[in-house]
Each structure stands twice: as C-alpha cells, then as structure tokens.
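A short worksheet on the structure shown next.
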There are 2 protein chains.
Amino acid sequence: MKADHILQTAVGHFAKEGFEGASLSKIAEEVGIKKPSIYAHYKGKDDLFLSALQYSLNTQKSHLAAYFNSVRDEPLESILYGYFNWFAKESQDNERMNFILRVAYFPPLRLEKEVGEFFNPFFDSMHRHLTRLLRERDRQEKVLHSEDFSNAALAYLTVTEGTMTELVYSGMDRYESRLQAVWPIFWRGLRK
Amino acid sequence: MKADHILQTAVGHFAKEGFEGASLSKIAEEVGIKKPSIYAHYKGKDDLFLSALQYSLNTQKSHLAAYFNSVRDEPLESILYGYFNWFAKESQDNERMNFILRVAYFPPLRLEKEVGEFFNPFFDSMHRHLTRLLRERDRQEKVLHSEDFSNAALAYLTVTEGTMTELVYSGMDRYESRLQAVWPIFWRGLRK
DNA sequence: TTTCACCTTCCTAACGGTCGTTAGGATATA
DNA sequence: TATATCCTAACGACCGTTAGGAAGGTGAAA
C-alpha cells in the first residue's frame, strides 16, 4: 500500500528533522511520487504527522506487549534489564523510537494538545503495566526492598527514559557505558 | 545592549520552536526591531543560534560552579539531591535549560558537528567534576558502596538527565513525583 | 569650534527560494 | 460510470538574506 509507504518514510523524516524541519517534497521524493500525490492519502501535513504518531505508538505498544510476554517466565531482574537491550535493538532497526521520543519531548506547539492525548494514555498504561508486573513478580520472588510498586515503576521508567534519550543523542557506545554504570546501582537500590 | 536582547529572545524562541520552527521575524518583533536589523549584530540565523548556544552553555557552566561551591560543606547526599531542586528552580526562571536540552538531543542536522563541539567538552567536564566530587567526599564520609566513582558519576548524570527531560516534557508536578520515586531508590543503590 | 569621514544601527524594499496547499485533468481500476 | 491515484501548474505565504539608504554618534583634521 502506498499510503503505508508514505507513512513509514514520514516517520524517518520527522524523526531526523522534526515536524517543522521535515518537508513533504522530500518525503514524496523518497517515496518516488510528487508532493501533491500525498494529498490523495492524507489531508495534509498535520494529518500525516498525527497518523505517523498514532501508528508508531500502536506498533510500539504491541511490540512492548510481545516482549514482556516472551520473557514472562524469567526472573524479574532479567525482565527489567533485558528491556534495555530490547529497545536498544528496536531503535537500531528503525526510527520509530527516535520519532516517538522526539515528539514526546518536543511536539510541534500547534499540535501539543493532540499529541498529549496520544501520549498520556500510552505512558499511563506503561506505568500501570509495570506496577502490576512488579507486584505479581514480587509475590513469587520476594526480591524487592519496598512494596511501593507504583513508585518503583515510576523510578524504573525514569531510568529507562534517561538511557533512551542518551541512546538517541550519542549513539550505542555511550549508551552501553551509561547502562553498565546505572543498572547495578539502580538494581541494588531496588532489590532486598 | 541590543545584541544581548536579541540573543536572550532567541534562546526562548529556539527553546520553544526549535531551530527550524523559530523565525527571525518573530524574534525581531518581540525585541521591537525589524528583521533585517538582526543582521547588524549577527551574520545570520546560524550565527545567532550558535551564539545563543555558546552563551547558554557558558552561563550554565558558571551557575553550576556557583551551586557546587555554595554547598561544598554539606553532606554528599544533600549536595546530590539538592542539585535536582536547584536545576528545577533554574529552569523555572528562564528557558536556557530547555534550550540546552533541546539542542543537545535534537540539534539542527546541518549544525550537528558544531553543536557537538560545544557539548562534548561540557558533558566531559561535568563528568570529571562529579567524579572528583564523589571521590573527595567519600574520602571524608566513607558513605559510598563502590569505589568506582567514574561510573557512579555517570549513573548520577543519567538519572539527572532522565528527570530533567521529564521536567521539560510534562512540567513541575510530574517531575516532583518522579524525583520522589527515583531518588530514594537510586541513593539506596549508591550508598554503603 | 566646525567640518568631514567613518561606523553603527536601524529602516524599507525586494530578492530567490521553499513551504503547504489547491485546482484541474489524465489514467487506471472496479 | 464512479472512484482512487497520480500528475502538472500554480497559488499565497513565509522564509533567510541582501541592497541601499537614513539617522545618529564618534573622533580626527581643519
């Protein structure tokens, strides 16, 4: 489908150049069509952008669910630590993660409200999911220091986002060394 | 000085709209001059942007030094935790921090090299400074669990950047709750 | 003290270029 | 026949930038 091809290409351009920096001409050129042809599939730049965002968040959501499902029998530490490697690999494969992070932190001002309405449920469900995971796993493993699972989940999310942004900013090497630095300390603070 | 007024205004615009999104017309309008008058003070948009970045990093550097100097007799935990509150207040006062973070993570592609040459020394000196602080303070307090001060500093930087980006993205309220969640865990992992 | 050249700062006007978007028509598909 | 997809052409708006000149201040020469 051509509409999908346009959308995939747009994700890459929005990720690298931002909303204002990305241009419909260049997106069309990479797809192999002319600029006005985009309007046969999307109402305009805003529509393309929000479609790309919705698609990216949905894809991310289902990939996330698949990851957590695939490791559900492993020990809690493996699950939490493995997640870092998982999204490092994910963000190498394509630019969806990069796009999501950029839009999350620096949305186009005009679309701030719409963007927030996509993101807040996403983060909230992430937070809820993690809280439940910690609670259920701790019932079996009795490995966590505190029973405030909600705050532990929030702290974990903060650390993942800190390292994720590092990955986006300065690449895999510095990301790896940050992860090696932060994980032992953080896990030591988390466990019994 | 008018050049300074232009620069200060530009920092705010670049922070909110990004490099591509910011427009010289609007900057000039807010300053109270016409667009071409900017060219009496700066060679062009690139020059204004890089000047704003250099100014912001220098200011940030000296504010940072002043903070760490003002708390140098407090216990290590106060210094480290107090830093979170310090930069929260700093970023409320003006948009310099916001501008710095945005440029760090998503520089204009064309100026990526120049931007990196400003940032890498900044982060490296931050890392060195923190490593030394941890080592010297631990010699007195014997409070840290590990003697790998360099990695501890890197981990601390990761956590601060994670919460900082949260501050930029979703404001003071969510920042506070993230900080309350992450600090006890992180400090527990760091101390003896 | 006056004059004159120079420099800075700001202006209006306009440049070429790119932007997102629309109109209208060709072609193929159903 | 109707609909979807692509095209060329062109729209108005805004972009960063430059040309050229007015106003004002500075400082040296007459």
Side-chain angles (χ1 to χ4, degrees), chain A residues 1-56 99 102-103 106-115 118, chain B residues 1-56 99 102-103 106-115 118:
Chain A
M1 191 96 138
K2 201 47 101 26
D4 206 70
H5 190 186
I6 295 172
L7 189 138
Q8 301 284 349
T9 308
V11 167
H13 282 242
F14 285 134
K16 285 207 210 82
E17 325 252 6
F19 178 80
E20 289 87 0
S23 102
L24 295 183
S25 316
K26 286 183 194 159
I27 292 172
E29 189 182 1
E30 189 177 324
V31 172
I33 58 177
K34 299 294 175 184
K35 181 171 57 163
S37 305
I38 293 177
Y39 287 77
H41 304 274
Y42 299 95
K43 275 183 262 176
K45 195 184 193 183
D46 290 9
D47 184 33
L48 175 57
F49 175 80
L50 291 173
S51 301
L53 180 57
Q54 186 157 37
Y55 161 81
S56 296
F99 172 60
R102 179 167 203 151
V103 176
F106 304 108
L109 285 189
R110 191 162 35 84
L111 302 176
E112 213 171 16
K113 189 162 151 277
E114 289 90 332
V115 167
F118 283 127
Chain B
M1 191 96 136
K2 201 45 101 34
D4 206 70
H5 189 187
I6 295 172
L7 189 137
Q8 301 284 350
T9 308
V11 167
H13 282 242
F14 285 134
K16 284 208 210 82
E17 325 252 5
F19 178 80
E20 290 88 357
S23 101
L24 296 183
S25 316
K26 286 184 194 159
I27 292 171
E29 190 183 359
E30 190 177 322
V31 172
I33 58 177
K34 299 296 173 183
K35 181 171 57 163
S37 305
I38 293 178
Y39 287 77
H41 304 274
Y42 299 95
K43 273 184 263 175
K45 196 183 191 182
D46 290 9
D47 183 34
L48 175 58
F49 175 79
L50 291 173
S51 301
L53 180 58
Q54 187 157 36
Y55 161 83
S56 296
F99 172 61
R102 179 167 204 151
V103 177
F106 304 108
L109 286 188
R110 192 163 34 86
L111 302 177
E112 213 171 15
K113 188 163 150 277
E114 288 89 332
V115 167
F118 283 128

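Because the structure is predicted, anything quoted here is derived from the model rather than measured. Chain identifiers are assigned alphabetically (A, B, ...) following the order of the sequence lines, protein sequences preceding nucleic acid strands; residue numbering begins at 1 within each chain.
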Check every atom of [options] against the side chain of [X] and return the nucleotide holding the closest atom.
X     : options                : result
B:A40 : C:dC19, C:dC10, C:dT21 : C:dC10
A:P36 : D:dT17, C:dT22, D:dT5  : C:dT22
A:K45 : D:dT18, D:dG16, C:dG20 : C:dG20

Atom-pair distance ([atom1] on [X]; [atom2] on [N]), nearest Å:
X     : N      : atom1 : atom2 : result
A:K34 : C:dC19 : NZ    : C1'   : 17 Å
B:Y42 : D:dT18 : OH    : C1'   : 20 Å
A:I33 : D:dA4  : CD1   : C1'   : 13 Å
A:D46 : C:dT21 : CG    : C1'   : 12 Å
A:K35 : D:dA10 : NZ    : P     : 14 Å
A:I38 : D:dT8  : CD1   : C1'   : 16 Å
A:E29 : C:dG20 : CD    : P     : 13 Å
B:D47 : D:dG16 : CG    : C1'   : 14 Å

query: Counting only side-chain N and O atoms of A:H41, is one of them less than 4.0 Å from OP1 or OP2 of D:dA4?
result: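 Indeed not, no polar side-chain atom of A:H41 lies that close.
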- request: Report yes if a side-chain nitrogen or oxygen of A:S37 is closer than 4.0 Å to either non-bridging phosphate oxygen (OP1 or OP2) of D:dC7; otherwise report no.
  value: yes
Of all the heavy-atom pairs spanning [X] and [Y], show the shortest one and how long it is.
X      : Y      : answer
A:K35  : A:S25  : CD-OG, 3.4 Å
B:S56  : B:V11  : OG-CG2, 3.8 Å
A:G44  : A:Y39  : CA-CE2, 3.8 Å
A:I27  : A:L48  : CD1-CD2, 4.4 Å
B:P107 : B:V115 : CB-CG1, 4.0 Å
A:S37  : A:H41  : O-CD2, 3.5 Å

So what does [X] hit on the nucleic acid, given a heavy-atom distance under 4.0 Å: a base, only sugar-phosphate, or nothing?
X     : answer
B:A22 : sugar-phosphate
A:K2  : sugar-phosphate
B:S23 : sugar-phosphate

- request: Could you tell me, to 10°, how much the axis swings from one end of the helix from C:dT1-D:dA30 to C:dA30-D:dT1 to the other, five pairs per end?
  value: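 Nearest ten degrees gives 10° for this helix.
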- request: Look at the aromatic rings of B:F14 and B:F19 and report parallel, tilted or perpendicular, splitting at 30° and 60°.
  value: parallel
